[in-house]
Enquirer: 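For reference, the structure I am asking about is given below.
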Number of protein chains: 4
Amino acid sequence: MARVRSPEKRSAILQAAVHEIAELGLGAPTAMIAKRAGVAAGTLFTYFASKEQLLNEVYLELKVEVYARINADFPHKGSLECRARHTWSNSLDWAIEFPEKRKASVQLNVSDLITPETRARTATERGTIDRTLDELGTRGALRGLPGGFPAAAMSAMQEATMEFIAKQPKQRKELMERGFQVFWRAVR
Amino acid sequence: MARVRSPEKRSAILQAAVHEIAELGLGAPTAMIAKRAGVAAGTLFTYFASKEQLLNEVYLELKVEVYARINADFPHKGSLECRARHTWSNSLDWAIEFPEKRKASVQLNVSDLITPETRARTATERGTIDRTLDELGTRGALRGLPGGFPAAAMSAMQEATMEFIAKQPKQRKELMERGFQVFWRAVR
Amino acid sequence: MARVRSPEKRSAILQAAVHEIAELGLGAPTAMIAKRAGVAAGTLFTYFASKEQLLNEVYLELKVEVYARINADFPHKGSLECRARHTWSNSLDWAIEFPEKRKASVQLNVSDLITPETRARTATERGTIDRTLDELGTRGALRGLPGGFPAAAMSAMQEATMEFIAKQPKQRKELMERGFQVFWRAVR
Amino acid sequence: MARVRSPEKRSAILQAAVHEIAELGLGAPTAMIAKRAGVAAGTLFTYFASKEQLLNEVYLELKVEVYARINADFPHKGSLECRARHTWSNSLDWAIEFPEKRKASVQLNVSDLITPETRARTATERGTIDRTLDELGTRGALRGLPGGFPAAAMSAMQEATMEFIAKQPKQRKELMERGFQVFWRAVR
DNA sequence: GATGAATGAGGTTTCATTCAT
DNA sequence: TATGAATGAAACCTCATTCAT
């Protein structure tokens with residue numbers, strides 16, 4: 001048997017990609033990503049067929065990661081507000097904890113390099129969360145709005161909140177809660 | 001470089017840049033932008049010192065344009081809600097009317113190429129609007145949150161709303177109003 | 001007006017390509033070709049869209065060159081044998097005079113990079129010659145064989161002859177004539 | 001590298017090389033050759049020290065194969081014409097039966113990768129045939145021409161004939177015989 | 001000022017070959 | 001010995017920018 005493809009290396013490349021994208025944008029050279037991952041330039045292409053594919057996988061990994069965190073101790077039996085707050089806090093926590101990941105995620109989000117297929121593949125992981133958020137869509141203020149709107153609204157409000165937490169990290173706790181309250185008033 | 005002969009050419013380049021960025025992202029080649037603008041590749045650099053500067057000016061132009069539209073018939077004497085709704089509608093209208101501009105604007109927004117100076121320069125035009133939005137920050141739900149939060153919140157909610165209008169253009173009117181109501185419930 | 005595209009440069013690139021292909025085969029790097037032509041690596045691509053296109057143009061140029069030489073003082077009124085001998089001698093002369101061109105030509109000939117379109121484009125120049133050779137096809141030994149056969153036969157016999165002239169350049173004259181006689185006995 | 005375990009593998013690699021060269025030219029990647037041969041990329045290099053050596057061996061194998069076929073039922077006692085015709089037919093048959101082999105052979109022939117040593121090594125197998133063809137060189141039209149000329153001439157005429165058989169496979173028999181007659185008129 | 005050819009650094013990707021397993 | 005991941009030197013090509021015209 002030959003040397004076996006190492007998940008660590010693959011992971012290192014993805015991580016390096018996140019870092020470089022956060023720093024240099026989507027134009028970050030694959031050579032630089034490889035270097036930071038501690039592998040040769042050519043090695044990157046044994047793990048990812050092309051830069052575009054690498055970017056798609058980075059996108060996927062980041063999405064999966066947030067959703068995994070939210071799902072981890074999700075209060076399935078909690079009230080709607082409780083579940084919404086859980087989602088709100090956990091994804092914000094992630095974004096604050098890993099600013100590079102968040103930055104890369106944002107860049108990838110607005111890019112046309114991410115294929116519809118890739119975007120679709122995140123649906124699986126989003127299941128639980130979407131169900132909660134969609135429940136919002138059947139009540140109160142959001143009744144009648146298209147499916148997905150609550151999720152989009154939350155994501156949007158988080159974006160806004162995050163910006164301010166980034167500027168005033170000390171008030172993180174408070175801003176996070178106030179942000180949620182604003183959101184909750186809007187949608188409940 | 002200094003004082004430039006033809007404002008038409010300058011304008012054509014900016015417009016072409018918007019188009020190409022919308023289509024190809026920030027990696028859009030200057031040569032292609034020049035071509036679409038109907039000028040030679042080199043000419044672009046007599047109007048803009050570098051690609052980076054061009055991008056900054058595009059960003060500025062787009063911001064100025066939305067703000068100008070909002071300011072045009074701004075109901076200075078209207079109620080707070082009235083003024084907020086005016087802002088909401090007009091900027092959404094602009095985004096819907098010029099999808100390319102919106103797309104370019106989003107890309108530029110998340111890019112590190114846009115300098116803090118450039119971002120600061122939009123402040124002037126934002127004056128009236130910000131005053132309205134900040135008024136929101138002194139009352140109700142948003143009291144105590146940092147300045148700029150209302151603007152960020154609106155922008156974020158608009159982003160979400162826009163996404164859905166793009167998917168279901170027929171319900172544009174309704175979605176725009178519903179979106180505003182959600183926002184308004186949150187902040188009033 | 002800007003600097004104008006110079007036929008000299010184009011020509012230098014083609015010539016350099018011939019040299020490098022003769023030396024290194026079709027894998028000759030474009031960078032090396034450019035260098036030998038005295039232009040920057042990138043410049044090559046303002047004259048030829050791709051390496052493949054460059055190769056096609058080299059092929060064309062070489063063909064055109066031989067045919068031009070044959071056509072130059074073609075004995076239109078001469079006997080069939082006279083015309084055949086003229087064709088034979090002149091193309092052999094060219095091949096002997098420019099061994100690099102011949103070598104490049106051979107390599108390109110057997111390559112799949114040369115498109116049918118390019119091959120077709122040589123037909124124009126081949127006109128006079130083909131008419132002579134096809135005349136052979138209507139008489140004597142070749143009657144009934146498909147059109148193009150005489151040309152192929154001559155080309156093949158020349159190839160063989162050339163090989164020996166290359167080995168014994170001193171007997172060039174004699175070998176050329178003997179070779180023709182062999183060919184002529186075959187086809188007359 | 002030294003003595004090698006499996007002749008089957010060696011053979012499979014050679015065969016795969018023929019196929020890939022016919023399809024992609026001499027630039028065919030070793031990895032692709034290995035894949036088609038059903039072995040790992042690295043394995044190829046335990047059978048052949050380098051790509052260049054592999055190519056030389058392919059060349060050799062193909063030559064040996066044609067010569068073997070001609071030698072198989074060679075009419076040693078036949079007339080000169082009979083022996084010449086045998087040679088003509090059998091090598092043409094081979095080329096027609098295995099177009100890939102022929103194509104690879106042509107590519108290798110014009111390449112500088114094939115060393116003089118390799119070319120020389122085909123001499124052994126060519127023995128019988130050359131003796132026949134050289135006999136031609138002592139008589140009639142070819143008297144006085146350098147040794148090897150008859151062989152080259154036949155090869156050349158075959159090349160021409162083959163081209164047309166490829167285009168009109170139905171008339172294969174007839175074209176083959178007519179081609180020989182043309183050749184024979186030239187050299188007898 | 002306008003043009004677009006020229007430049008060459010740098011980008012992505014390929015590939016012969018090596019080497020750990 | 002067989003494997004195929006790892007390597008890194010090129011290869012082709014693009015592109016922001018300069019500069020002769």
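So you know, we letter chains A, B, ... as the sequences are listed, proteins then strands, and number each from 1.
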Enquirer: Could you give the CD1-to-P distance, from A:I33 to E:dG11, as a whole number of Å?
Expert: 11 Å
Enquirer: Find the distance B:I13:CD1 to F:dT17:P and express it as a whole number of Å.
Expert: 14 Å
Enquirer: Whether the side chain of B:K9 engages the backbone of B:L44 through a donor-acceptor N/O pair (distance < 3.5 Å, no angle test) should be reported.
Expert: no
Enquirer: Is there a donor-acceptor pair under 3.5 Å between the side chain of D:K51 and the backbone N or O of D:A28?
Expert: yes
Enquirer: Applying salt bridge (charged side-chain N to carboxylate O under 4.0 Å, His left out), which residue pairs with at least one partner in residues 20-49 of chain B are found, sequence neighbours left out?
Expert: B:E20-B:R36
Enquirer: Does a nitrogen or oxygen in the side chain of C:T46 sit under 4.0 Å from OP1 or OP2 of E:dA5?
Expert: no
Enquirer: A:F45 or C:R5: which one's nearest nucleotide on DNA chain E is closer to the 5' end?
Expert: C:R5
Enquirer: Considering only NZ, NE, NH1 and NH2 on the basic side and carboxylate oxygens on the acidic side, decide whether D:K101 and D:E65 come within less than 4.0 Å.
Expert: yes
Enquirer: Donor-acceptor pair, A:R5 side chain versus A:T46 backbone, under 3.5 Å?
Expert: yes
Enquirer: May I ask you to list the residues of residues 22-32 of chain C, by number, that have any heavy atom positioned under 4.0 Å from an atom of DNA chain F?
Expert: C:A28, C:P29, C:T30
Enquirer: Could you check which residues of residues 37-44 of chain D get a heavy atom under 4.0 Å from DNA chain F? Sort them by number, please.
Expert: D:V39, D:A40, D:A41, D:G42, D:T43
Enquirer: Check salt bridge (charged side-chain N to carboxylate O under 4.0 Å, His left out) between A:E159 and all other residues, then give those that pass, not counting sequence neighbours.
Expert: A:R102
Enquirer: Please answer whether the main-chain N or O of D:L62 pairs with a side-chain N or O of D:Y67 as donor and acceptor at a distance below 3.5 Å.
Expert: no
Enquirer: Picking from D:T118, D:I114, D:L108, what satisfies side-chain contact (heavy atoms from CB on, under 4.5 Å) with D:L60?
Expert: D:T118
Enquirer: When you measure from the centre of the six-membered ring of C:Y59, is the NZ or CZ of C:R119 under 6.0 Å away and within 45° of the axis?
Expert: yes
Enquirer: Taking DNA chain F as the partner, which of residues 47-62 of chain C come within under 4.0 angstrom of it by heavy atom?
Expert: C:S50, C:K51
Enquirer: Roughly, in whole Å, what's the span from NZ in C:K35 to C1' in F:dA11?
Expert: 15 Å
Enquirer: Rounded to whole Å, please give me the gap between NZ in A:K9 and C1' in F:dG4.
Expert: 12 Å
Enquirer: Kindly express the pairing pattern of DNA chain F in dot-bracket notation, using | wherever a base pairs with another strand and counting only Watson-Crick or G-U pairs under 3.5 Å.
Expert: .||||||||||||||||||||
Enquirer: Measure from the side-chain N and O atoms of B:D112 to the backbone N and O of A:G25, and report whether any donor-acceptor pair falls under 3.5 Å.
Expert: no
Enquirer: Less than 4.5 Å apart, side chain to side chain, heavy atoms only: is that true for C:S6 and C:Y47?
Expert: yes
Enquirer: Which whole-number value in Å describes the distance from A:R3 CZ to E:dC19 C1'?
Expert: 6 Å
Enquirer: Kindly indicate whether the side chain of A:V18, heavy atoms from C-beta on, has any atom under 4.5 Å from the side chain of A:S105.
Expert: no
Enquirer: Find out whether B:F48 and B:L14 are in side-chain contact, i.e. whether some heavy atom of one side chain is under 4.5 Å from a heavy atom of the other.
Expert: yes
